[in-house]
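All remarks here apply to the structure that follows.
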Amino acid sequence: MADNNHGHGEHKSFYEEGGKGIMSWVYTLDHKRIGLMYLVSVLLMFALGGLMALLVRFELLSPGKTIMTAQQYNVVFTLHGAIMVFLFIIPAVPAALGNFVLPLLLGTKDVAFPRLNIFSYYIYVTGAIIAVGAIVGGGVDTGWTFYTPYSSGTSGSVVLMVFGAFVLGFSSILTGLNFIATTHKLRAPGMTWSRMPLFCWGIYATSLIQVLATPVLAITLLMLIIERVWGVGIFDPAKGGDAVLFQHFFWFYSHPAVYIMILPGMAIISEIIPTFSKKAIFGYKAIGMSSVAIAIIGFLVWGHHMFVSGQSQFASMVFSFLTFLVAIPSGIKVFNWTATMYKGSITLETPMLYALSFLFLFTIGGLTGLFLGALSVNVHLTDTYFVVAHFHYVMMGGTVIAFYGGVHYWWPKMTGRMYNEKLARLACALVFIGFNVTFLTQFVLGSKGMPRRYYDYLPQFQTLHQVSTVGSWILGLGFLIMVSYLLASLKVGALAPANPWGGLTLEWQTSSPPPLHNFEKQPNTKIGPYDYGVPIPPKKPGTLEGAVHGTSS
Amino acid sequence: MNILLQWAPFMPTAASHNAPNVDNLYGFIFWLSVVFFILVIGPGAWFVYKYRLKKGEEHQPTPRITHHLGLELTWSVIPLLLCVVIAVWGFWDFMALGVAPADTEDIFVTGYKWGWRFEHRDGTKELNELHLPEGKKVKLVMTGEDVIHSFFVPDFRVKADLPPGRYTSLWFEPIGVGEHQVFCTEYCGDGHSGMLAKIIVMPKDKYAEWLRVGTPLGPGETLEDRGKKLYSDKGCLTCHSVDGSRLTGPSFKGIFGNPQPLADGASVNVDENFIRESILNPQAKVAQGYSPIMPSYQGSLKEMDLNALTAYIKSLK
Ligand SMILES: [Cu+2]
């Protein structure tokens with residue numbers, strides 16, 4: 001095994017092997033290149049969505065008009081939500097990191113259907129262009145949820161925007177299919193289901209939801225288009241439709257979609273924590289199975305978005321109970337991750353800092369979910385800033401933080417370069433602080449009764465809004481620093497060793513970056529992905545090198 | 001540090017029968033969350049501190065602890081039981097909130113872009129203000145006129161959506177007298193954040209007086225001030241300009257004391273009585289050159305309001 005650790009110079013990486021020039025990317029079938037193209041795309045989208053978020057927060061610095069009109073504000077927050085959900089979070093972990101890492105983790109050459117893979121990428125790009133085109137073509141002000149009958153009536157290019165989301169759905173479905181097939185068929189010899197890294201379990205569960213739930217979104221959006229274009233009454237009561245029906249359809253997809261967003265985040269954490277604790281993961285089965293449980297129960301809780309919509313009380317009761325049920329597997333995961341660190345040998349490099357931030361933030365996100373799951377309390381809190389804060393703790397504090405943890409974890413593998421660790425820790429700290437300043441305040445705002453999606457607000461809410469806005473600047477600064485050192489690392493970063501963190505999963509058994517076909521020879525699957533606890537060769541003090549475990553069993 | 005002394009931190013004033021129930025559960029979840037947060041993050045932080053690789057140290061083999069059924073069961077079953085408690089508790093209060101008692105005063109509410117219309121049983125209509133007598137149980141029967149709106153009173157801990165095309169309802173029993181903010185909490189377009197109203201709970205005698213004459217003038221408020229406020233609140237502004245420009249209806253600039261030609265060829269002198277009649281029964285004397293589309297304000301304006309509007313129109317020289 002040791003020969004793989006020398007990495008550079010011995011064999012070519014996929015960057016060289018796959019050919020040079022733009023065409024080598026456009027026509028590529030290599031999952032690693034496709035993953036990287038996704039990565040660049042979603043990061044661009046994150047920047048765009050983040051800019052919108054900063055604008056929203058800036059506008060809320062003072063009541064009344066600060067920098068834009070109500071009309072503009074509504075367009076901007078719609079863009080923020082739609083871009084972050086459809087163009088960033090949903091594809092971020094599975095399509096970007098998953099594409100790059102999944103085949104490596106499984107010890108295979110590529111995904112099951114490489115052509116389908118590049119096809120999904122181009123569908124994604126098409127969807128993104130259509131959606132962003134809708135922005136240029138005329139503001140959409142419906143919010144990312146497109147609630148009817150508002151969306152059936154409002155001006156602006158709703159149809160185009162919705163069509164964009166419709167197209168993006170196909171990309172999501174095809175990627176899901178591809179990963180399911182890959183996981184079933186292409187695992188390295190010796191990698192049984194119970195030896196599969198937890199990242200793969202998470203992506204597998206996610207793919208199942210993507211394949212099963214996304215078609216419902218497609219149908220819903222199609223019906224919305226039919227209503228708007230041909231005036232068929234489906235959701236608009238003025239045309240004989242049912243306004244609340246849309247919400248059922250929408251959340252039937254969009255609640256599972258929340259799990260499409262969070263499960264991959266959890267999957268990354270399940271990789272980072274054992275690696276940086278040098279310890280066997282605690283409760284492998286519990287973590288893996290809880291992903292599947294979340295995927296299944298996640299389909300049955302959509303009605304908890306609609307407790308005050310006039311839905312029957314009996315339905316609300318059932319949805320409330322199921323909502324609490326789905327909280328349990330998430331709790332189990334958190335406990336198991338914490339237990340993994342017990343008696344570990346913990347180092348706090350940047351990916352681990354992100355994982356710890358995740359534990360902190362996701363726990364708050366989960367616990368505040370209890371407030372919203374309880375029916376009577378939900379009545380007070382729903383559609384206030386409490387909800388805004390809650391889902392940002394789960395989606396951003398959870399998924400986005402985990403995503404950046406993953407980016408830092410696999411950056412050396414993807415680029416062959418190390419980033420500046422000091423700056424990376426600084427950025428992580430800023431993001432963590434900025435995030436809490438921005439969103440903890442919003443829980444308070446919500447409890448006090450501040451409704452969401454408000455352009456203007458009563459004077460008593462001003463101080464908290466201002467604190468939140470300042471938080472968003474800290475957050476923005478953190479990300480700005482991150483972009484700069486990551487980009488700089490491409491030019492000036494130290495060459496990455498094959499296994500900078502001392503991980504045991506298969507991606508660390510090949511050079512950084514890997515060769516075109518991922519592995520020079522069949523990787524070793526004789527031991528499980530987290531079989532730490534065998535004697536460890538010394539780590540050279542002050543360097544990241546050498547911390548590779550004896551993998552002979 | 002006074003949040004440590006509160007059972008339900010950050011909640012607004014509790015001003016309805018239902019609010020203390022919600023606050024009890026909110027507080028229970030709040031403090032339970034604090035405990036669980038410590039139970040998760042505490043050990044996590046301790047492990048990171050205790051088992052951190054110190055500078056200059058080398059990785060030592062870690063014990064291979066892979067699972068522990070007892071622990072897994074503990075941290076699944078205990079949270080599950082607590083969740084069941086919360087779920088049942090929440091459902092219990094939710095049912096009480098959903099089923100109105102028989103002796104409520106019913107009021108119709110219409111949400112529209114962008115305002116709230118309230119119709120009392122005696123025909124009194126209000127816009128963006130709802131006056132209620134103290135100690136009365138109230139049920140709101142609500143619908144949306146154009147898109148979905150949502151009626152939210154933080155102080156009462158009640159909220160319900162108003163989908164167009166059907167009725168939804170909520171009920172409450174205010175505690176004491178006072179003013180309570182109403183918000184629209186379902187996004188409804190450009191005026192969403194301005195779609196506010198006030199619920200004003202008054203002592204019984206004051207309420208009876210309000211029913212008769214309307215809201216008494218505030219300190220330092222003149223009749224003209226009140227008239228000006230009503231003029232925009234009640235929507236006169238959308239049809240009658242005050243600067244002489246012609247809208248759907250005639251402008252009021254300088255009309256008082258002057259003759260007004262009517263559609264039937266006659267002419268009247270614009271005085272207090274004509275203004276009053278035009279507001280309550282607009283079709284009685286229709287101004288020449290205008291279509292008779294002005295709605296009657298019979299029932300939705302109190303005696304005091306009529307006086308105020310008349311005084312204001314009179315003041316527009
Ligand atoms: Cu509204």
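Protein chains get the first letters and strands the later ones, always in sequence-line order, with residue 1 at the start of each. Keep in mind that what you see is a predicted model, and the values were worked out from it rather than measured. Scope of the values below: all heavy atoms of this structure, side chains included, with no hydrogens, waters or symmetry mates.
Distance check, rounded to the nearest 0.5 Å: CH2 of W75(B) to CD1 of I328(A) gives 13.5 Å. Note that NE2 of H192(B) is 5.0 Å distant from OH of Y454(A), once rounded to the nearest 0.5 Å. Here the CG-CG distance, from L32(B) to L367(A), works out to 8.0 Å after rounding to the nearest 0.5 Å. With rounding to the nearest 0.5 Å, the separation of CD1 in I38(B) from OG1 in T363(A) is 12.5 Å. Here D242(A) contributes atom CG and R166(B) contributes atom CZ; the two are 5.0 Å apart, rounded to the nearest 0.5 Å. Here the CD1 atom belonging to I65(B) is positioned 9.5 Å from the OG1 atom belonging to T340(A), to the nearest 0.5 angstrom.
In this structure, the portion of L196(B) lying under 4.5 Å from any heavy atom of chain A is its side chain and not its backbone. Only the backbone of D146(B) comes within less than 4.5 Å of a heavy atom in chain A; its side chain stays farther off. Contacts between L162(B) and chain A at a heavy-atom distance below 4.5 Å are absent for every atom of the residue. Interface remark: Q247(A) contributes side-chain atoms only to the contact with chain B (heavy atom separation under 4.5 Å). Heavy atoms of V153(B) lying under 4.5 Å from chain A are absent altogether. With a threshold of 4.5 angstrom between heavy atoms, L97(B) approaches chain A through side-chain atoms but not through N, CA, C or O. Proximity to chain B is limited to the backbone of R452(A), based on heavy atoms less than 4.5 angstrom apart. With a 4.5 angstrom heavy-atom cutoff, P164(B) touches chain A via backbone and side-chain atoms both. At a 4.5 Å heavy-atom cutoff, the contact between F77(A) and chain B is made by side-chain atoms alone. Both the backbone and the side chain of V48(B) come within contact range of chain A, with heavy atoms under 4.5 Å apart.
Contact record, V40(B) with T338(A): O-CG2, 3.8 Å, taken as the closest heavy-atom pair. Considering every non-hydrogen atom in both S447(A) and M11(B), the closest pair reads O-SD, 3.8 Å. Scanning both residues, A87(B) and S320(A), for their nearest heavy atoms gives CB-OG, 4.4 Å. Pairing each heavy atom of Q313(A) with each of G98(B), the nearest pair is NE2-CA, 3.0 Å. When all heavy atoms are compared, the tightest approach of L375(A) to G90(B) is CB-O, 3.8 Å. Across all their heavy atoms, S193(B) and D456(A) have their closest contact at OG-N, 3.1 Å.
Ranked by heavy-atom pairs under 4.5 Å with chain B, the list F360(A), F276(A), Y455(A) is led by F360(A). Of the residues considered (T384(A), T382(A), L359(A)), T382(A) shows the highest number of contacts with chain B, using heavy-atom pairs under 4.5 Å. Your options are G189(B), A45(B), A8(B), and the one with the most heavy-atom pairs under 4.5 Å with chain A is G189(B). Across R157(B), K54(B), Q181(B), the residue that shares the most heavy-atom pairs under 4.5 angstrom with chain A is R157(B). The candidate from T168(B), V99(B), D23(B), I86(B) with the greatest count of non-hydrogen atom pairs under 4.5 Å with chain A is I86(B). Of the listed residues (A286(A), A280(A), G344(A)), the one with the most heavy-atom contacts under 4.5 Å to chain B is G344(A). The most heavy-atom pairs under 4.5 Å with chain B, out of K279(A), K343(A), K448(A), come from K343(A). When each of A96(B), G165(B), P43(B), S76(B) is checked for heavy-atom pairs under 4.5 Å with chain A, S76(B) comes out on top. The most heavy-atom pairs under 4.5 Å with chain B, out of N336(A), V244(A), V334(A), come from N336(A). Put simply, of P12(B), A160(B), G44(B), G194(B), the one with the most heavy-atom pairs under 4.5 Å next to chain A is P12(B).
Counting heavy atoms from C-beta on, the side chains of K159(B) and F307(A) never come closer than 4.5 Å. Counting heavy atoms from C-beta outward, T347(A) and R52(B) have side chains that stay 4.5 Å or more apart. For the pair S277(A)/T62(B), no side-chain contact is recorded, criterion being any heavy-atom separation below 4.5 Å from C-beta on. Counting heavy atoms from C-beta on, the side chains of F94(B) and S316(A) come closer than 4.5 Å. Here the side chains of F36(B) and L370(A) are not in contact, with every heavy-atom distance at 4.5 Å or above. Annotation: side chain of F324(A) is not in contact with side chain of V84(B) (no heavy-atom distance under 4.5 Å). Side-chain contact between D161(B) and M306(A): absent, with no pair of heavy atoms (C-beta onward) separated by less than 4.5 Å. By the 4.5 Å heavy-atom criterion applied to side chains, L458(A) and F183(B) are counted as neighbours.
Sparse packing is recorded around NE2 of H67(B), with 12 or fewer heavy atoms of other residues, nucleotides or ligands lying under 6.0 Å away. The neighbour count for K139(B) NZ, taken as heavy atoms of other residues, nucleotides or ligands under 6.0 Å away, does not exceed 12.
Here F371(A) and Y26(B) bring their ring centres to under 6.0 angstrom of each other. Centroid-to-centroid, the aromatic rings of F152(B) and H380(A) come within less than 6.0 Å.
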Run the side chain to side chain contact (heavy atoms under 4.5 Å, CB included) check on V22(B) and V379(A) step by step: do they pass? CA-CA 9 Å; V22(B) 173; V379(A) 169; over 6 Å; no
Any chance you could lay out the side chain to side chain contact (heavy atoms under 4.5 Å, CB included) test for V308(A) and E186(B), step after step, and finish with the verdict? CA-CA 10 Å; V308(A) 301; E186(B) 187 64 71; over 6 Å; no
Test ring pair (Phe, Tyr, Trp, His ring centres under 6.0 Å) on F91(B) and F321(A); report intermediate values, then the result. CA-CA 9 Å; F91(B) 176 61; F321(A) 273 91; 7.1 Å; no
T66(B) and Y284(A): CA distance, side-chain angles, deciding distance, side chain to side chain contact (heavy atoms under 4.5 Å, CB included) verdict: CA-CA 7 Å; T66(B) 53; Y284(A) 174 89; over 6 Å; no
Please report the C-alpha distance between D190(B) and Y73(A) in whole Å, then the side-chain angles of each, then the deciding distance to 0.1 Å, and finally whether the side chain to side chain contact (heavy atoms under 4.5 Å, CB included) criterion is met. CA-CA 9 Å; D190(B) 296 348; Y73(A) 176 83; over 6 Å; no
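Ring-plane geometry between Y342(A) and Y51(B) is classed as perpendicular, the angle between the planes exceeding 60 degrees on a 0 to 90 degree scale with a lower cut at 30.
Looking at D383(A) and Y187(B), their side chains never bring a donor and an acceptor atom within 3.5 Å of each other.
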